[in-house]
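Okay, handing you the structure first.
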2 protein chains.
Amino acid sequence: MSETKPTYTIQNVVASASLFVKVPLEKVAKKLTNTEYNPEQFPGLVIRLEQPKISALIFSSGRIVVTGAKSKAMVEEAVEEIKKELKKVEIETTKKPEIEIQNVVASGDIGMKLNLNKLAFQLETSEYEPEQFPGLVYKVPKSHITFLLFGTGRIVCTGAKTKKEVKDEVEKLVKTLKKFVK
Amino acid sequence: MSETKPTYTIQNVVASASLFVKVPLEKVAKKLTNTEYNPEQFPGLVIRLEQPKISALIFSSGRIVVTGAKSKAMVEEAVEEIKKELKKVEIETTKKPEIEIQNVVASGDIGMKLNLNKLAFQLETSEYEPEQFPGLVYKVPKSHITFLLFGTGRIVCTGAKTKKEVKDEVEKLVKTLKKFVK
DNA sequence: TTTATCATATTTATAAAACATTTATAAATA
DNA sequence: TATTTATAAATGTTTTATAAATATGATAAA
């Protein structure tokens, strides 16, 4: 009898790209109010957009990092918007940026309570220190995927490159967990 | 079966010499733009050359230190160039400077992954504090040579006086390491 | 008071971590 | 109610450690 139908939602997509043009960050920071720039703290300039609602890092090399998106389409929209923002301060981009998805984060629910103390022993590649963090950290073997498992049955999947990878890994996780429950 | 052919490249040669003439650093600093002089910070004047690309320290005593060279020939070239620079500001050198190589730094690859945690115990005269610096520091016994060993198999050799010494020490190191791998 | 050592500055390879950004999750603290 | 703890990923700069000579000033131990 299987009562567990895992559900999950993509919560964050991080992507990188190159604008193929050097960016004078000091100048951009002065002219655009939706930016933050503290080079002695971090070399990238932070820009926050309302539509789509994301945050991005722009580096003087022209490389950018988009965070907070929910999908690849949203990342593409964001890059177009960043190009428009830069155009406002006379920075023209000619080449089409090649966008690369670097990380997909999803949260979900596997529909069953988890005994983390027990799981910490059953899952070889896991770490669980409740007084430090309430979730159990499970690094999937031979994979770059990491799960955060909570006693409530809620989970966080991070390190994926695609939506499909999230789906496959969550299904694999549920199968693994069910073995222990039996 | 020996899959490990160590490779290495001389990366830096530091040498000292005397010009056998007092140098008025304040005056030199004012007339030559390729120099830096902050006596309250450091007593030597810094001069940077384009051809050959090196940096040197000149002291009021007439002693100089050449850094950033790749070979002894490059050091000799540098000293000649420094003499020319000083001639521009009416400082004549008569005696031939005796150049002494003080340090030869080389980087290389021994072609095998290293378990630094294990090596830290096996190599008596080594120190390894990964949270401070990722490399293991190995001081070769009864020698002035020090190696930096990295988990990747890349190495740095420093403290040598000659190219030959680098070669011999790297070969010796590889033999030592292979003993532990077996 | 004298003799140490230490920091100042220069170069070079090596590599790991911190810095900042986002997002869900949840327990504890301030 | 906001922060801290932990996770992944990219971006790029700085710090960490090594050896050597040179020469000042500053502490620090004898």
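Only a predicted model underlies this, so the values are computations on that prediction, with no experimental measurement involved. Values reported hereafter were calculated over all heavy atoms of this structure, with side chains retained and with hydrogens, waters and symmetry mates removed. Protein chains get the first letters and strands the later ones, always in sequence-line order, with residue 1 at the start of each.
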Donor-acceptor list for residues 136-150 of chain B side chains, cut-off 3.5 Å, not counting sequence neighbours:
{"residue": "B:S143", "atom": "OG", "partner": "B:I145", "partner atom": "N", "Å": "2.9"}
{"residue": "B:H144", "atom": "NE2", "partner": "B:E165", "partner atom": "OE2", "Å": "3.1"}

Per-pair distances, 0.1 Å, donor-acceptor, side chain in residues 96-111 of chain B, under 3.5 Å, sequence neighbours excluded:
{"residue": "B:Q102", "atom": "OE1", "partner": "B:K161", "partner atom": "NZ", "Å": "3.2"}
{"residue": "B:Q102", "atom": "NE2", "partner": "B:S16", "partner atom": "OG", "Å": "2.8"}
{"residue": "B:N103", "atom": "OD1", "partner": "B:G159", "partner atom": "N", "Å": "2.8"}
{"residue": "B:N103", "atom": "ND2", "partner": "B:T158", "partner atom": "OG1", "Å": "3.4"}
{"residue": "B:S107", "atom": "OG", "partner": "B:Q11", "partner atom": "NE2", "Å": "2.8"}
{"residue": "B:D109", "atom": "OD1", "partner": "B:G111", "partner atom": "N", "Å": "2.8"}

**Message:** Just to verify, what does A:E77 make a salt bridge (Lys or Arg N to Asp or Glu O under 4.0 Å) with, not counting sequence neighbours?
**Reply:**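 With neighbours one apart ignored, the set is empty.
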
**Asked** Taking only residues at least two apart or on different chains, which pairs with a member in residues 46-58 of chain A satisfy salt bridge (Lys or Arg N to Asp or Glu O under 4.0 Å)?
**Response**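 Checked against salt bridge (Lys or Arg N to Asp or Glu O under 4.0 Å) - neighbours excluded - the pairs reaching residues 46-58 of chain A are A:E36-A:R48.
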
**Item:** Selection: residues 140-153 of chain B, any non-hydrogen atom under 4.0 Å of DNA chain C
**Value:**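 Contacting residues: B:L148, B:F150, B:T152.
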
**Prompt:** Of all of residues 7-42 of chain B, which get a heavy atom below 4.0 angstrom from DNA chain C, listed by number?
**Reply:**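 Heavy-atom cutoff 4.0 Å gives B:Q11, B:N12, B:V14, B:Q41, B:F42.
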
**Message:** With the threshold set at under 4.0 Å for non-hydrogen atoms, list the residues of residues 78-103 of chain A touching DNA chain D in residue-number order.
**Reply:** A:Q102, A:N103

**Item:** Sequence-distant partners of A:E129, salt bridge (Lys or Arg N to Asp or Glu O under 4.0 Å), two or more places apart
**Value:** none

**Message:** Let's test your reading of the pairing rules: Watson-Crick or G-U wobble, both distances under 3.5 Å, then write DNA chain C as a dot-bracket string with ( ), [ ], | and dots.
**Reply:** ||||||||||||||||||||||||||||||

**All salt bridge (Lys or Arg N to Asp or Glu O under 4.0 Å) counterparts of B:E80, not counting sequence neighbours** = B:K83

**Prompt:** Using a heavy-atom cut-off of 4.0 Å to chain B, what are the terminal contacting nucleotides of DNA chain C, in 5' to 3' order?
**Reply:**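 Contacts span C:dT8 to C:dA16, reading 5' to 3'.
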
**Message:** Among residues 58-73 of chain A, which ones have heavy-atom contacts with DNA chain D below 4.0 Å?
**Reply:**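 Within residues 58-73 of chain A, the residues near DNA chain D are A:F59, A:S61, A:R63, A:V65.
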
